[in-house]
Amino acid sequence: MQLQMLTTLSAMSLVRVRASWDTQFRIPYNPNAPRKPKKTPISQPSTFTPPPSPSSSSLTLTPQSVSDLLKRNTIAQGVLTKLDETYLGYDTWMPRPPKVEKPRSVFNAAALAYIGDSIFELYARRHFLFPPLSIEEYNSRVMAVVRSEAQDALLRKLLSDDFLSEKEREILRWGKNSGSAKTRTKKRVGTALYNRASSLETLIGHLYLTNANRLEELMLHLGFSTGSSTQVILEEADSNLATN
C-alpha cells in the first residue's frame with residue numbers, strides 16, 4: 001500500500017501545470033447580437049469583351065446639324081423688349097486677357113488651345129443660359145456643342161463660308177500641326193479630327209488675346225449669342241413668331 005502511494009506521489013510530481021492569462025480585451029458574449037452573414041464566394045467573371053469605342057466615322061456632325069444644336073426656344077419666354085448692350089457700365093462680358101502683343105512668340109499652340117477651349121465653352125454656356133433650363137439640360141446641350149465632332153463641323157463652316165483671313169488660316173495650320181499628348185478624346189475621334197478641333201481652339205485662344213472684337217464676330221457667325229449682340233435673341237423670337 002505504501003509502495004503504491006509513493007508511486008502515485010512520484011507520478012504527480014512529474015506533472016507540470018501551465019497557466020496563461022489573456023491580455024487582450026474581448027467583448028462579452030451577447031447571445032442576442034446579430035450574426036455576421038456568411039460570405040458568399042465571388043464567382044469569377046466570365047470573359048467579357050468591351051464594345052469598341054465609337055470612331056469618328058460613326059458620328060459625323062455637319063455644320064447644319066451643329067446649327068440646329070445652337071437653336072433655342074425663345075418664343076415661350078416672350079422676349080419683346082430690347083436688352084441693354086452694357087451691364088454695370090461695362091461693354092464686355094469676358095475676363096480681360098493678359099496684355100501680350102505677340103502671343104505666338106510667348107505661347108505654343110497647345111497653350112492657346114488650352115485657353116481657347118475654355119473660352120469656347122464659356123460662349124456655349126452663355127448661349128444656352130436663356131431660356132432657363134434644368135442643370136441636366138444645360139449640360140446636355142453644352143456637351144453636344146463643345147465636343148470635338150461639333151468643333152470640327154463649325155470649323156468646316158468657317159472654311160466653306162470663306163470667313164477667315166489668311167492670317168487666321170495660318171494660325172489654324174499652326175494649331176493643327178502642334179503635337180499633343182494622347183487623350184481619351186483623341187483616341188475616340190481619331191487624330192485627324194482631334195487636331196482640326198484643336199486648331200479651332202488655338203484660333204479662338206489667339207483671338208481672345210489679340211482681338212476680342214474679331215472673336216465676337218467669329219462666334220456670332222457660328223451661331224453663338226455674344227456680349228455685343230443681344231439683339232440676336234430678339235431676332236430669333238421675331239423669326240419664331242413670324243413662322244407660327
Side-chain angles (χ1 to χ4, degrees), residues 56 61 63 66 70 85-129 139 142-230:
S56 58
L61 293 178
V66 179
L70 291 174
E85 293 186 358
T86 60
Y87 178 71
L88 296 179
Y90 296 95
D91 56 356
T92 58
W93 60 277
M94 290 189 300
R96 294 188 179 277
K99 294 182 179 180
V100 181
E101 294 183 0
K102 298 180 179 180
R104 292 187 61 175
S105 63
V106 178
F107 303 105
N108 56 26
L112 293 184
Y114 173 76
I115 188 64
D117 175 52
S118 64
I119 296 299
F120 184 87
E121 183 169 342
L122 181 58
Y123 268 97
R125 291 194 176 203
R126 183 186 185 277
H127 178 84
F128 290 115
L129 188 62
N139 290 333
V142 170
M143 292 304 297
V145 174
V146 301
R147 61 189 306 162
S148 296
E149 296 91 333
Q151 291 178 334
D152 176 56
L154 292 176
L155 175 60
R156 284 184 277 129
K157 173 179 173 59
L158 292 175
L159 295 175
S160 63
D161 293 347
D162 197 20
F163 182 80
L164 302 176
S165 65
E166 182 57 36
K167 180 180 179 181
E168 291 166 346
R169 290 173 181 266
E170 201 278 328
I171 294 174
L172 285 177
R173 290 190 290 269
W174 177 54
K176 180 180 178 180
N177 295 328
S178 64
S180 60
K182 293 182 179 179
T183 63
R184 184 179 302 178
T185 303
K186 190 173 184 177
K187 184 178 180 180
R188 175 176 62 84
V189 302
T191 302
L193 191 150
Y194 179 85
N195 289 346
R196 291 195 299 269
S198 296
S199 69
L200 177 62
E201 294 174 346
T202 301
L203 175 60
I204 291 175
H206 187 274
L207 292 177
Y208 169 68
L209 295 178
T210 59
N211 193 338
N213 291 332
R214 177 59 176 172
L215 175 61
E216 293 269 286
E217 294 176 359
L218 185 146
M219 299 305 290
L220 179 61
H221 184 79
L222 292 178
F224 291 89
S225 60
T226 64
S228 61
S229 303
T230 52

Q: Name the orientation class of the two ring planes belonging to His221 and Phe163 (parallel below 30°, tilted from 30 to 60°, perpendicular beyond 60°).
A: parallel
Q) What is the minimum heavy-atom distance between Ala150 and Ala144, and which atoms define it? A) CB-O, 3.5 Å
Q) Given Lys157 and Asp161, is the side chain to side chain contact (heavy atoms under 4.5 Å, CB included) satisfied, shown in steps? A) CA-CA 6 Å; Lys157 173 179 173 59; Asp161 293 347; 3.3 Å; yes
Q: Without swapping roles, check the side chain of His206 against the backbone of Pro103 for a donor-acceptor pair under 3.5 Å.
A: no
**Q.** Point-to-point distance, once rounded to the nearest 0.5 Å, from CG of Leu155 to CG of Leu222
**A.** 9.0 Å
Q. Taking all atoms of both residues into account, what is the closest heavy-atom pair of Pro98 and Leu209, and its distance?
A. CD-CD2, 3.7 Å
Q | Approximate separation, where rounding is to 0.5 Å, of Ser198 OG and Leu203 CG | A | 12.5 Å
(Q) If I compare all heavy atoms of Ala197 with all of Gln151, which pair ends up nearest, and what's the gap? (A) CB-OE1, 3.5 Å
Q: Could you tell me whether the side chain of Arg169 reaches within less than 4.5 Å of the side chain of Leu159, counting heavy atoms only?
A: yes
Q. Heavy atoms, side chains only, cut-off 4.5 Å: are Leu215 and Met219 in contact?
A. yes
Q: Answer whether the closest heavy-atom distance between the side chains of Tyr194 and Asp152 falls below 4.5 Å.
A: no
Q. What distance separates Ser225 OG from Phe128 CZ, expressed to the nearest 0.5 Å?
A. 9.0 Å
(Q) Checking Tyr208 against Leu112 for the side chain to side chain contact (heavy atoms under 4.5 Å, CB included) test, could you report, in this order, the C-alpha distance in whole Å, the side-chain angles of both residues, the deciding distance, and whether it holds? (A) CA-CA 9 Å; Tyr208 169 68; Leu112 293 184; over 6 Å; no
Q) With side chains defined as the heavy atoms from C-beta onward, is the minimum distance between Leu200 and Leu158 less than 4.5 Å? A) yes
Q) Given side chains that start at C-beta, do those of Phe107 and Ile115 come closer than 4.5 Å, heavy atoms only? A) no
**Q.** Leu193 CG to Arg188 CZ distance, which is reported to the nearest 0.5 Å
**A.** 9.0 Å
Q: Could you tell me whether Arg125 atom CZ has more than 12 heavy atoms of other residues or ligands within 6.0 Å of it?
A: no
Q) Which atom names give the shortest non-hydrogen contact between Ala109 and Gly175, and what distance separates them? A) CB-CA, 3.9 Å
**Q.** For Ala124 against Val146, the heavy-atom pair lying closest together
**A.** CB-CG1, 4.0 Å
Q. Between Glu217 and Arg214, does a salt bridge (Lys or Arg N to Asp or Glu O under 4.0 Å) hold up when you go through it step by step?
A. CA-CA 5 Å; Glu217 294 176 359; Arg214 177 59 176 172; 3.2 Å; yes
Q) Leu218 versus Tyr123: any side-chain heavy-atom pair under 4.5 Å? A) no
(Q) Quick one, Ile119 and Leu207 - any side-chain contact, counting heavy atoms below 4.5 Å? (A) no
(Q) Could you report the tightest heavy-atom contact between Glu168 and Ser165, atom names first, then the distance? (A) OE1-N, 3.0 Å
Q.
Please report the interatomic distance CD(Glu149) to CZ(Arg196), rounded to the nearest 0.5 Å.
A. 10.5 Å
